[in-house]
Amino acid sequence: MIRSYRTTAVFCATLTLLAAAACDSNSSPKSTSSAEDHVTYVTAFGAAGRDAFAWVAEQKGYFRDAGIDVQIELGKATGENLKTLASGKAQFTSLDFTGAMISAGAKNSTAYRDFRAVLAIHQRTLVSIMAMQGSGITTPKDLKGKRIAAAANSVNQLLFPGYAKLAGIDSAGIHWIAVQPVQLGPALASGKADALSTFLIGRPTIEKATVQARSKHVVVFPYSTYLPDLYGNAIVTTASIAAKQPDLVKRFRAALLKGLKYTIQHPDEAGKLLHAKHPETDSTAAASEIKLMTPSVTAEGTENIGLITQDRMRRALTSLQNAGVIEPGMTPQDVVDFAAMKTS
């Protein structure tokens with residue numbers, strides 16, 4: 001009896017193990033990582049619609065499915081985000097890619113240079129000039145001799161000479177007024193400035209300020225009309241992480257890309273998800289910002305969302321060199337991890 005009981009117990013245990021193995025073989029693996037990776041990701045600037053895709057990736061489980069535990073922290077614009085990356089306090093960040101290249105490639109620059117872009121959020125730069133309708137500024141050439149407000153030492157101002165040259169603007173008499181980003185709309189509405197330079201997605205905020213003045217709408221001159229090869233925001237990591245942890249980079253990129261695609265397909269839902277995580281944000285405003293940035297996300301076709309190519313990068317660097325904002329010598333490989341773009 002005892003021998004029969006033991007034989008039956010061993011047989012049942014074997015069946016249990018075999019069943020468990022069969023279940024495991026039929027389930028799809030979450031990631032190629034044997035253990036969950038922990039990383040910190042910093043947004044481009046605060047919690048806004050342009051950065052909603054990160055929280056979408058978190059809430060939809062895309063990071064979890066990739067085997068990554070992601071701590072999302074609020075960014076403070078390009079320069080500060082580069083410092084955070086350089087310090088090791090974050091492994092990935094979103095920032096204005098053109099601005100980062102200008103910081104790294106400017107003459108005698110001491111800015112952090114060992115970053116690598118792994119995902120393009122915007123296939124076109126969002127930098128633009130805005131003026132109130134009825135102000136007499138109807139074309140870029142009308143900016144001659146005008147006062148333009150912009151954040152001090154911003155990519156908007158640094159890129160202007162190259163844009164002006166291509167747009168046929170006589171920039172000799174243009175006067176730049178340095179203001180905080182939140183004061184751009186009021187500066188235009190009050191008449192302190194004749195025009196301003198900011199990002200395209202900021203248009204609703206600017207119009208909200210000018211509606212109380214003498215205009216309900218603004219005219220917009222995108223830099224991308226004359227500088228089509230420049231990218232907007234991008235996700236970057238360090239050169240060290242790109243070289244030593246390529247699998248992590250690819251998994252993180254894939255999760256964020258999935259979040260970005262879902263965000264532009266469902267802007268209203270993405271706005272609500274952002275508001276749920278950060279109640280101080282307005283879901284409607286966030287959704288509007290997402291809709292405004294979508295044409296820049298899909299500018300190279302929906303099949304190329306997130307992609308950065310060597311040909312585009314060569315042309316972008318040439319544009320920046322011709323504008324005199326970076327020194328010659330920077331190559332696409334110096335600022336982009338092209339291996340991360342490969343899906344196989």
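Numbering of residues begins at 1 and proceeds along the displayed sequence.
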Participant: Hey, what do you get for CG (Leu230) to OG (Ser224), rounding to the nearest 0.5 Å?
Facilitator: 9.0 Å
Participant: Can you pull out every ring pair (Phe, Tyr, Trp, His ring centres under 6.0 Å) where at least one residue sits in residues 144-171? Sequence neighbours excluded, please.
Facilitator: Phe160-Trp176, Tyr163-Tyr223, Tyr163-Tyr226
Participant: Holding to salt bridge (charged side-chain N to carboxylate O under 4.0 Å, His left out), I want the full list of residues that pass it with Asp69, two or more places apart in sequence or in another chain.
Facilitator: none
Participant: Check whether any side-chain N or O of Thr84 sits under 3.5 Å from a backbone N or O of Glu80 as a donor-acceptor pair, and report yes or no.
Facilitator: yes
Participant: Measuring from Thr93:OG1 to Leu85:CG, what's the distance to the nearest 0.5 Å?
Facilitator: 6.5 Å
Participant: Where do Gln123 and Val297 land on the side chain to side chain contact (heavy atoms under 4.5 Å, CB included) test, with the steps shown first?
Facilitator: CA-CA 5 Å; Gln123 293 284 348; Val297 175; over 6 Å; no
Participant: Is it the case that one hydrophobic cluster holds both Val56 and Leu292, taking links as side-chain heavy atoms less than 4.5 Å apart, direct or via other members?
Facilitator: no
Participant: Using a strict cut-off of less than 4.0 Å between a Lys/Arg side-chain nitrogen and an Asp/Glu carboxylate oxygen, indicate whether Glu327 and Lys107 qualify as a salt bridge.
Facilitator: no
Participant: OG/Ser288 to CZ/Arg203 distance, rounded to the nearest 0.5 angstrom?
Facilitator: 12.0 Å
Participant: Look only at the side chain of Ser319 and the backbone of Arg315, and say whether a donor-acceptor pair between them is shorter than 3.5 Å.
Facilitator: yes
Participant: Does Thr43 reach the main-chain N or O of Gly75 with its side chain, forming a donor-acceptor pair under 3.5 Å?
Facilitator: yes
Participant: I need the Glu58 CD to Arg64 CZ distance, nearest 0.5 Å.
Facilitator: 10.0 Å
Participant: Under the rule for salt bridge (charged side-chain N to carboxylate O under 4.0 Å, His left out), what residues qualify as partners of Asp194, not counting sequence neighbours?
Facilitator: Arg147
Participant: Quick one: salt bridge (Lys or Arg N to Asp or Glu O under 4.0 Å) pairs with a partner in residues 301-311, sequence neighbours left out?
Facilitator: Asp311-Arg314
Participant: Give me each pair satisfying salt bridge (Lys or Arg N to Asp or Glu O under 4.0 Å) with a member in residues 231-245, each pair once, sequence neighbours excluded.
Facilitator: none
Participant: Check Lys60 with Glu269, please: is the shortest side-chain N to carboxylate O separation under 4.0 Å?
Facilitator: yes
Participant: Treating Arg251 as the side-chain partner and Ala66 as the backbone partner, does any N or O pair qualify as donor plus acceptor under 3.5 Å?
Facilitator: yes
Participant: Please list all pairs passing the ring pair (Phe, Tyr, Trp, His ring centres under 6.0 Å) test where one or both residues lie in residues 80-114, with sequence neighbours left out.
Facilitator: Phe92-Phe252
Participant: Are Ile129 and Val220 close enough that some pair of their side-chain heavy atoms sits under 4.5 Å apart?
Facilitator: no
Participant: With no hydrogens and no angle check, just 3.5 Å: does a side-chain donor-acceptor pair link Asn81 and Thr78?
Facilitator: no
Participant: Measuring from Gln59:CD to Leu274:CG, what's the distance to the nearest 0.5 Å?
Facilitator: 10.5 Å
Participant: Could you grab the distance from atom CG of Leu196 to atom CD1 of Ile148, nearest 0.5 Å is fine?
Facilitator: 9.0 Å
Participant: Within the distance-only criterion (no hydrogens, no angle test), does the side chain of Thr298 pair as donor or acceptor with the backbone N or O of Gly301 below 3.5 angstrom?
Facilitator: no
Participant: Tracing side-chain links under 4.5 Å among I, L, V, M, F, W and Y, which residues wind up in one group with Phe45?
Facilitator: none
Participant: Which pairs pass ring pair (Phe, Tyr, Trp, His ring centres under 6.0 Å) with one or both residues in residues 177-197, sequence neighbours excluded?
Facilitator: none
Participant: Can you check whether Ala285's main-chain N or O pairs, donor with acceptor, with Asp282's side chain at less than 3.5 Å?
Facilitator: yes
Participant: For atom CD of Gln265, is the number of surrounding heavy atoms from other residues, nucleotides or ligands below 6.0 Å larger than 12?
Facilitator: yes
Participant: Using only atom types and a distance under 3.5 Å, with no angle test, would you say the side chain of Glu207 pairs donor to acceptor with the backbone of Val218?
Facilitator: yes
Participant: Do any pairs count as a ring pair (Phe, Tyr, Trp, His ring centres under 6.0 Å) and have a residue in residues 274-331, sequence neighbours left out, and if so which ones?
Facilitator: Trp55-His278
Participant: Is the backbone of Ala131 close enough, under 3.5 Å, to the side chain of Ser135 for a donor and an acceptor to pair up by distance?
Facilitator: no
Participant: May I ask you to list the residues sharing a hydrophobic cluster with Val182, side-chain cutoff 4.5 Å, ordered by chain and number?
Facilitator: none
Participant: Answer whether the closest heavy-atom distance between the side chains of Asp51 and Tyr41 falls below 4.5 Å.
Facilitator: yes
Participant: Filter on salt bridge (Lys or Arg N to Asp or Glu O under 4.0 Å), then keep only pairs touching residues 90-101, sequence neighbours left out; what's left?
Facilitator: none
Participant: How would you list all residue pairs meeting salt bridge (Lys or Arg N to Asp or Glu O under 4.0 Å) that involve residues 119-144, not counting sequence neighbours?
Facilitator: Arg124-Glu300, Lys144-Asp170
